[in-house]
Amino acid sequence: MSAVHVAGVSKIFNQGTPKQVDALVDVNLTVEPGEFVSLIGPSGCGKSTLLRLIANLLEPTTGAVTVNGKTAAQSRLDQDYGMAFQQAGLFDWRSVAKNIELPLELKGWDKEKRAARAQEMLELVKLPEFADLMPWQLSGGMQQRIAIARALAAHPPLLLMDEPFGALDEMTREYMQGELLRICAETKTTVVFVTHSIPEAVYLSNRVVVMSPRPGRITEVVNVSLGANRSEDTRAADNFFSGITAVREALRGTHADHANAGAVRGVEDR
Amino acid sequence: MNKQLRRAAYRTGMFLVSIALVAVLWELYKVVGPEKGGKLFGVAILPRSNDTAMPHLWEMLSRYAEPEMRGPHSRQIWLVVLQGAWFSFRLALVGFVIGSSIGVALAALMTRFKTMERGLLPYLVVSQTVPLIALAPLVVSWGGKLHIFGFTWPRWLSASVLGAFLAFFPIAVGTLRGLKSAPAASLELMDSYAASWKQTLFKLRFPAAIPYMVPAFKLGASGSVIGVVVAEISTGLKGGIGRLIIEYARQATGDPAKVFTAVFGAAGLGLAMAGLVTLADVLLMRNRPKETTT
Ligand SMILES: Nc1ncnc2c1ncn2[C@@H]1O[C@H](COP(=O)(O)OP(=O)(O)O)[C@@H](O)[C@H]1O
Ligand SMILES: [Mg+2]
């Protein structure tokens, strides 16, 4: 059973009006359990839309989305996935631990169980002594780690992330990438990860899904697995660079039929 | 914490300074202003500065310590004013509680149903243009006709209802704005957890609304005081500060300082209500980032 199965999905906003946007057209994607799949492409190519369709925050115009063998709607009701966005989006009025407990509270867990799980998650993201602080007392990177802890608190098998490290500085970002890989390996979580950054996609993923806009579609899927034992040295390794080149070429290819071939707007080349 | 204390001290200081400034201006005008009033560019706008129209401040203050009326059993004025203020305070508090419950409920309804907002909000705005003076006798007479399950409408309740009438509007509007201020990303997060509308309301929308609700509740609090005092004056309800103001105003020619004791009492009442809201604010916001507590 696949973790995510997207079959013949299109998403058209404002259909039949002058403001019609073909955000996604005939998208097919299968993600296997334990896989780490990145979505990359220029702004407006429908990455966030595809992620929201998987999360059942949007309904597809045509086609079907299955998560863990269930309809996307049922998976959302069962909290089969956790989600993290570019902004950590922690609630200002809740302590760090209470933020992590939010999804458990909504599920009706009792107090002791919630507190125990929050502490477990804090240890997972290596911030065990931060339970009672308020979110605004943490740095951006720490807040994002708490957001990941919150997304994983209910131990969902699937993690959906929309440019979660986009607002962080480069150093923090690379550290967070390493942490995310460690956490996902420990918890055996499947990840669908939206990013703007080619190196980030290559470093993290088993597969990089390359998308192009107008209409939004998948143009290529690049296999980049760098192996289970990635480290900071991996960033200097040859297969890392060949992965980057492969993804960059796939992105260029999507622009070959446009006037400004070569300049891949909206995608960071660092 | 220290910073907060300093800010509170600073604010109190500024408040006292501004009061002192008004006092100085008052006494200054008494020195330079025309005794019998004056015209400026042909229009009579300069108030009379004589002791009947503008008694000295120290006369107003010393009036508190004197008996209310001549006679052996008269209480001192400070006690009369304090009792009147306490009476009105309780009415205003009832009005404030009724008004804020209605205001918050309306705001929640308008958040839930877009059509409610479009259909209801214009009427709420219009409701506030009805003059309170005209409304007060109406409410009293409606209330007098009300007898449900042995419940008879006490006269004071009319005053509270008018207080509620002035309180609910700013509270409804401010709370509505606050409930809608929850960021789209947070709402989406709650959706991703399949949270019910009620869970989203209490775990996200209301906490996010508090910074908007506090100033709205302050306006509502002073509204409830104004509503009650005006209702007391226009319906002649006995026992409150509103009644004292008209009674003392009638005696202003012979005892000009007296009415001011009651007017200050009413001002103190408004401050006490606003203080109550501020206290709630400090308690609710103690863990929030400090930028939003200003
Ligand atoms: N709710 C919406 N209503 C109308 N158009 C939308 C909506 N959401 C996204 N779009 C449009 O769909 C396209 C894809 O958007 P999005 O998925 O956010 O792209 P990306 O995340 O790749 O930058 C864009 O042209 C965007 O303007
Ligand atoms: Mg996006």
Side-chain angles (χ1 to χ4, degrees), chain A residues 48 51-59 67 72-96 98-109 132-138 143 147 150-151 153-154 156 158-164 167, chain B residues 1-4 7 104 108 111 114 174-175 177-217 277-294:
Chain A
S48 298
L51 203 72
R52 281 180 170 76
L53 285 167
I54 297 171
N56 188 239
L57 297 172
L58 288 174
E59 290 288 341
V67 176
Q74 190 57 47
S75 305
R76 182 168 66 95
L77 290 176
D78 295 348
Q79 287 195 20
D80 276 348
Y81 66 82
M83 228 176 158
F85 303 93
Q86 178 164 6
Q87 301 302 327
L90 302 177
F91 291 179
D92 272 346
W93 52 89
R94 283 171 169 255
S95 69
V96 163
K98 288 275 178 285
N99 264 288
I100 298 175
E101 287 177 29
L102 177 69
L104 310 175
E105 235 174 87
L106 295 170
K107 272 186 140 182
W109 285 32
D132 295 326
L133 289 188
M134 300 307 285
W136 44 271
Q137 296 173 307
L138 307 185
Q143 290 189 16
R150 176 180 63 185
L158 176 64
L159 181 57
L160 304 175
M161 308 182 92
D162 195 344
E163 299 184 33
Chain B
M1 206 59 215
N2 214 344
K3 214 171 163 187
Q4 265 175 306
R7 191 157 41 184
V104 168
T111 313
K114 279 247 160 55
T175 307
R177 253 176 58 110
L179 291 177
K180 288 168 124 187
S181 76
S186 299
L187 288 167
E188 204 161 48
L189 184 79
M190 293 301 276
D191 270 351
S192 81
Y193 295 133
S196 67
W197 190 79
K198 208 173 121 196
Q199 285 177 319
T200 306
L201 183 69
F202 286 108
K203 293 198 190 291
L204 170 60
R205 286 190 188 269
F206 268 122
I210 286 176
Y212 294 81
M213 288 169 77
V214 167
F217 273 63
V277 179
T278 306
L279 196 69
D281 177 27
V282 170
L283 286 177
L284 286 170
M285 298 295 286
R286 64 189 183 285
N287 279 333
R288 301 284 183 108
K290 294 298 170 263
E291 302 85 63
T292 57
T293 26
T294 46

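Throughout, a chain's letter reflects where its sequence line sits, starting with A, and its residues are numbered from 1. Note that the structure is a prediction, hence the values are computed from the model and not measured.
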**Fill in**
Bottom line for A:L57: the part with an atom under 4.5 Å from chain B's heavy atoms is side chain
**Fill in**
Sorted by chain and number, sequence neighbours left out, side chain to side chain contact (heavy atoms under 4.5 Å, CB included) with B:L187 holds for B:A182, B:T200, B:L204, B:R205
**Prompt:** What part of A:L160 gets closer than 4.5 Å to chain B, counting heavy atoms only: side chain, backbone, both or neither?
**Reply:** neither
**Request:** Name the region of B:P207, side chain, backbone, both or neither, that has any atom closer than 4.5 Å to a heavy atom of chain A.
**Result:** both
**Asked** Looking at A:Q143 and A:W136, what are the two nearest heavy atoms and their distance?
**Response** NE2-CA, 4.2 Å
**Item:** Side chain proximity check, A:R52 to B:E188, heavy atoms < 4.5 angstrom
**Value:** yes
**Request:** Would you check if the side chain of A:Y81 reaches a backbone N or O of A:A55 as a donor-acceptor pair within less than 3.5 Å?
**Result:** yes
**Asked** Contact part of A:Q79 toward chain B, heavy-atom cut-off under 4.5 Å: side chain, backbone, both or neither?
**Response** side chain
**Request:** Could you tell me whether the side chain of B:D191 reaches within less than 4.5 Å of the side chain of A:N56, counting heavy atoms only?
**Result:** no
**Request:** For the pair A:R150 (side chain) and A:G82 (backbone), establish whether a donor and an acceptor sit closer than 3.5 Å, ignoring hydrogens and angles.
**Result:** no
**Contacting moiety of A:M134, where chain B heavy atoms sit under 4.5 Å** = side chain
**Prompt:** Of the listed residues (A:Q86, A:E105, A:Q137), which shares the most heavy-atom pairs with chain B below a 4.5 Å separation?
**Reply:** A:E105
**Asked** Which one of A:G89, A:P156, A:P135, A:P103 has the most heavy-atom pairs closer than 4.5 Å to chain B?
**Response** A:P103
